[in-house]
Amino acid sequence: MMRHLLGVLALFFTFLASPAAAQLDVSRSPAEAPTLGRTIRGQSPTIFSVSTSGVVSRISGDAIRLSTATVRAPTIAVTCGANSLASLCALRAIRVTITPIGGQGPATITRFRVSNLRGTTYLGGSPSEGATVSFELYPLGLFRDATFDLGMDVRLNGAAPGGEHPFDYLVTVQLL
């Protein structure tokens with residue numbers, strides 16, 4: 001009996017020493033960068049707000065968005081890998097950081113909003129809006145994931161050519 005218990009403990013500590021970062025996965029839907037649809041250029045920079053439900057409204061500036069339809073607001077999913085006990089992923093808190101990726105064209109993200117968290121709760125309170133958003137989540141537990149919706153403000157440069165302009169962002173996660 002004691003030999004069996006020691007074997008289980010040795011296996012547990014072997015898993016504990018495994019690399020943890022490889023056990024977290026992040027996916028986003030839609031997978032491609034969002035777009036506002038076709039726009040007509042304005043003379044001044046224009047800020048469009050995309051709510052977490054996909055409603056787009058112009059906050060400032062004079063560019064025109066040709067469509068009145070909603071866009072598909074991103075949904076982010078965070079999951080532990082298949083071997084969540086090996087890294088204790090199911091038992092450890094998670095830090096999520098969302099940052100804009102600039103330099104891709106005339107449209108860039110200036111502010112993020114996170115809402116509708118499902119599957120877990122915030123550790124230390126819900127995140128504030130910001131140019132970069134970082135927040136922590138309680139452990140996910142076994143065979144569970146966390147999802148949330150992402151809204152954003154997008155700046156379209158003044159005198160940007162008409163057309164569709166994608167804007168992108170990066171979501172990183174780490175175990176605490």
Side-chain angles (χ1 to χ4, degrees), residues 21-22 24-81 93-138 140 144-176:
L24 282 172
D25 295 315
V26 177
S27 61
R28 62 187 209 183
S29 176
E32 65 277 352
T35 181
L36 295 170
R38 292 194 53 79
T39 59
I40 298 175
R41 76 175 169 187
Q43 293 306 310
S44 63
T46 302
I47 304 292
F48 289 98
S49 180
V50 180
S51 73
T52 55
S53 61
V55 175
V56 179
S57 55
R58 185 174 62 191
I59 302 299
S60 66
D62 58 354
I64 298 170
R65 182 173 178 257
L66 294 177
S67 173
T68 58
T70 60
V71 299
R72 187 163 173 212
T75 298
I76 310 300
V78 178
T79 58
C80 286
I94 299 168
R95 177 174 294 127
V96 178
T97 304
I98 308 166
T99 55
I101 298 175
Q104 298 178 327
T108 55
I109 299 169
T110 60
R111 180 179 308 267
F112 291 104
R113 283 177 290 287
V114 174
S115 74
N116 201 19
L117 176 65
R118 302 168 297 280
T120 189
T121 55
Y122 296 111
L123 178 64
S126 60
S128 299
E129 295 182 7
T132 295
V133 175
S134 186
F135 55 95
E136 296 173 1
L137 303 174
Y138 276 101
L140 298 179
R144 295 185 53 199
D145 60 3
T147 58
F148 58 88
D149 299 325
L150 188 61
M152 58 201 67
D153 289 353
V154 178
R155 179 182 189 271
L156 185 61
N157 292 340
E164 293 195 20
H165 305 290
F167 42 92
D168 212 353
Y169 59 93
L170 176 67
V171 180
T172 56
V173 293
Q174 75 181 90
L175 293 172
L176 300 178

Does [X] reach the side chain of [Y], with side-chain heavy atoms less than 4.5 Å apart?
X: Arg41; Y: Leu156; answer: no
X: Leu137; Y: Leu117; answer: yes
X: Ser51; Y: Arg113; answer: no
X: Tyr169; Y: Pro74; answer: yes
X: Phe135; Y: Ser126; answer: no
X: Val154; Y: Met152; answer: yes

(request) Report the C-alpha distance between Glu164 and Leu66 in whole Å, list the side-chain angles of each, state the deciding distance to 0.1 Å, and finish with yes or no for side-chain contact (heavy atoms from CB on, under 4.5 Å). (result) CA-CA 10 Å; Glu164 293 195 20; Leu66 294 177; over 6 Å; no
Kindly give the heavy-atom pair with the smallest separation between [X] and [Y], and that separation in Å.
X: Val133; Y: Val114; result: CG1-CG2, 4.1 Å
X: Ser44; Y: Gly61; result: OG-CA, 3.7 Å
X: Val78; Y: Leu24; result: CG1-CD2, 4.3 Å
X: Ser53; Y: Ala73; result: C-CB, 4.2 Å
X: Ala93; Y: Leu123; result: CB-CD2, 3.8 Å
X: Pro127; Y: Tyr122; result: CD-CE2, 3.3 Å

Between [atom1] on residue [X] and [atom2] on residue [Y], distance to nearest 0.5 Å:
X: Thr120; Y: Tyr138; atom1: OG1; atom2: OH; result: 8.5 Å
X: Ser67; Y: Arg38; atom1: OG; atom2: CZ; result: 11.5 Å
X: Leu170; Y: Ile109; atom1: CG; atom2: CD1; result: 10.5 Å
X: Ile94; Y: Leu175; atom1: CD1; atom2: CG; result: 6.0 Å
X: Ile40; Y: Ile64; atom1: CD1; atom2: CD1; result: 5.0 Å
X: Thr110; Y: Asp153; atom1: OG1; atom2: CG; result: 5.0 Å

(message) Please identify which of these residues, Ile98, Asn116, Thr75, Val50, meets the side-chain contact (heavy atoms from CB on, under 4.5 Å) condition with Leu150.
(response)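 Between Leu150 and the candidates, side-chain contact (heavy atoms from CB on, under 4.5 Å) is satisfied uniquely by Ile98.
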(request) State, without any angle test, whether Arg155 and Thr108 hold a side-chain donor-acceptor pair at a distance under 3.5 Å. (result)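 Side chains of Arg155 and Thr108: no pair found under 3.5 Å.
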Measure from the side-chain N and O atoms of [X] to the backbone N and O of [Y], and report whether any donor-acceptor pair falls under 3.5 Å.
X: Arg58; Y: Thr46; value: no
X: Thr39; Y: Gly162; value: no
X: Asp62; Y: Gln43; value: yes
X: Arg65; Y: Val56; value: no

(request) Go through the steps for Val171 and Val96 under the test side-chain contact (heavy atoms from CB on, under 4.5 Å), then give the verdict. (result) CA-CA 7 Å; Val171 180; Val96 178; 4.0 Å; yes
(request) Decide yes or no on side-chain contact (heavy atoms from CB on, under 4.5 Å) for Arg111 and Ser49, but give the supporting numbers first. (result) CA-CA 9 Å; Arg111 180 179 308 267; Ser49 180; over 6 Å; no
(message) Using the ring centroid of each side chain, check whether Phe48 and Phe167 are separated by less than 6.0 Å.
(response) no
